[in-house]
Amino acid sequence: MNVRIAAVSVASAALVAVGATSAVAAPAPASITLKANHTTVKLGDVVTFTGKSTGLKEGSKVTLQVKSGATWKSLPVTAKVNHSAYKLTDKFQKKGVQVLRVKDGAAVSKAVSVTVR
């Protein structure tokens with residue numbers, strides 16, 4: 001009887017250890033950062049956006065988005081992730097404060113603001 005209890009205890013401990021290892025090995029969610037080289041520009045000036053990513057596949061495409069009211073609209077500005085980083089540029093044709101972010105699938109950066117004068 002003690003042998004059965006010992007065998008069940010060992011088997012249970014092994015299952016718990018495997019379950020804990022699987023939970024730890026789960027990949028972290030993808031994330032993206034965003035920085036603008038200028039936060040205030042003149043109408044028609046080019047702004048360069050750079051950032052780093054974690055959890056995105058090499059060659060993934062990030063898309064620049066602008067906030068319009070309560071929604072985000074994708075701009076025709078994209079870049080591929082290369083060595084966990086990306087770089088893209090945009091020229092602003094509208095005056096005012098532009099709130100921007102980059103997105104790839106479910107991964108979204110924090111927003112940055114660029115004032116266009």
Side-chain angles (χ1 to χ4, degrees):
M1 186 141 182
N2 287 342
V3 173
R4 286 185 188 168
I5 293 172
V8 169
S9 296
V10 169
S12 297
L15 289 173
V16 168
V18 169
T21 302
S22 297
V24 171
S31 66
I32 308 172
T33 64
L34 176 64
K35 290 183 183 179
N37 68 333
H38 299 290
T39 56
T40 302
V41 296
K42 292 179 184 174
L43 191 66
D45 284 353
V46 174
V47 177
T48 301
F49 298 94
T50 57
K52 297 189 182 219
S53 66
T54 56
L56 294 181
K57 291 182 180 178
E58 192 75 10
S60 292
K61 190 187 301 184
V62 295
T63 302
L64 187 64
Q65 294 185 318
V66 64
K67 192 165 189 178
S68 177
T71 62
W72 290 95
K73 294 187 179 183
S74 293
L75 299 173
V77 180
T78 62
K80 289 189 177 181
V81 174
N82 186 16
H83 298 292
S84 299
Y86 69 90
K87 178 181 177 179
L88 48 85
T89 59
D90 195 21
K91 185 185 289 188
F92 294 95
Q93 302 297 333
K94 181 180 175 186
K95 289 185 176 184
V97 176
Q98 305 294 316
V99 180
L100 304 126
R101 70 180 188 182
V102 290
K103 181 177 180 172
D104 175 57
V108 179
S109 71
K110 290 184 179 179
V112 298
S113 296
V114 175
T115 302
V116 182
R117 296 188 175 162

Peer 1: Quick check on the hydrophobic clustering: are V46 and V62 connected, directly or via other members, by side-chain heavy-atom contacts under 4.5 Å?
Peer 2: no
Peer 1: Let me confirm one number: the OG1-CG distance from T63 to L75, rounded to the nearest 0.5 Å.
Peer 2: 9.0 Å
Peer 1: I'd like to know if V97 and V114 are part of one continuous hydrophobic network [Ile/Leu/Val/Met/Phe/Trp/Tyr, side-chain heavy atoms within less than 4.5 Å].
Peer 2: no
Peer 1: So does V81 get a backbone contact from the side chain of S60, meaning a donor-acceptor N/O pair under 3.5 Å?
Peer 2: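 Not a single qualifying donor-acceptor pair exists.
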Peer 1: Looking at every non-hydrogen atom in both residues, tell me the closest pair between Q98 and K95 and how far apart they are.
Peer 2: NE2-O, 4.0 Å
Peer 1: Heavy atoms, side chains only, cut-off 4.5 Å: are Y86 and T78 in contact?
Peer 2: no
Peer 1: Report yes if some heavy atom in the side chain of V77 is under 4.5 Å from a heavy atom in the side chain of F49; otherwise report no.
Peer 2: no
Peer 1: Look only at the side chain of E58 and the backbone of H83, and say whether a donor-acceptor pair between them is shorter than 3.5 Å.
Peer 2: yes
Peer 1: Between L64 and V102, is a side-chain contact (heavy atoms from CB on, under 4.5 Å) present by the stated rule, with each step listed?
Peer 2: CA-CA 4 Å; L64 187 64; V102 290; 4.0 Å; yes
Peer 1: Look up atom CG in N82 and atom NZ in K87, then write down how far apart they are to the nearest 0.5 Å.
Peer 2: 12.0 Å
Peer 1: With rounding to the nearest 0.5 Å, note down the distance linking CZ in R117 to NZ in K42.
Peer 2: 10.5 Å
Peer 1: For the residue pair S31 and A107, what are the closest heavy atoms and their distance?
Peer 2: N-CB, 4.4 Å
Peer 1: What's the spacing between K35 NZ and S109 OG if we round to 0.5 Å?
Peer 2: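 Answer rounded to 0.5 Å: 12.5 Å.
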Peer 1: So how far is it from F92 CZ to L100 CG, rounded to the nearest 0.5 Å?
Peer 2: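 The distance works out to 4.5 Å.
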Peer 1: Should L88 and V112 be regarded as members of a common hydrophobic cluster, given that ILVMFWY residues are connected when their side-chain heavy atoms come within less than 4.5 Å of each other, either directly or indirectly?
Peer 2: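 L88 and V112: one cluster.
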Peer 1: Checking T33 side chain against K52 main chain: does a donor-acceptor pair fall under 3.5 Å?
Peer 2: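 Pair found, side chain donor or acceptor close to backbone of K52.
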Peer 1: Is the shortest side-chain heavy-atom distance between V47 and D90 below 4.5 Å?
Peer 2: no
Peer 1: So which atom in V108 and which in K103 form the shortest heavy-atom distance, rounded to 0.1 Å?
Peer 2: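 Looking at all heavy atoms of both residues, the closest pair is CG2-CG, 3.8 Å.
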Peer 1: Compute whether any side-chain donor of one residue and acceptor of the other, for T40 and T115, lie under 3.5 angstrom apart.
Peer 2: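 Per modelled atom types, T40 and T115 side chains form no pair under 3.5 Å.
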Peer 1: Once rounded to the nearest 0.5 Å, what's the spacing between atom OG1 of T71 and atom CD of Q65?
Peer 2: 9.5 Å
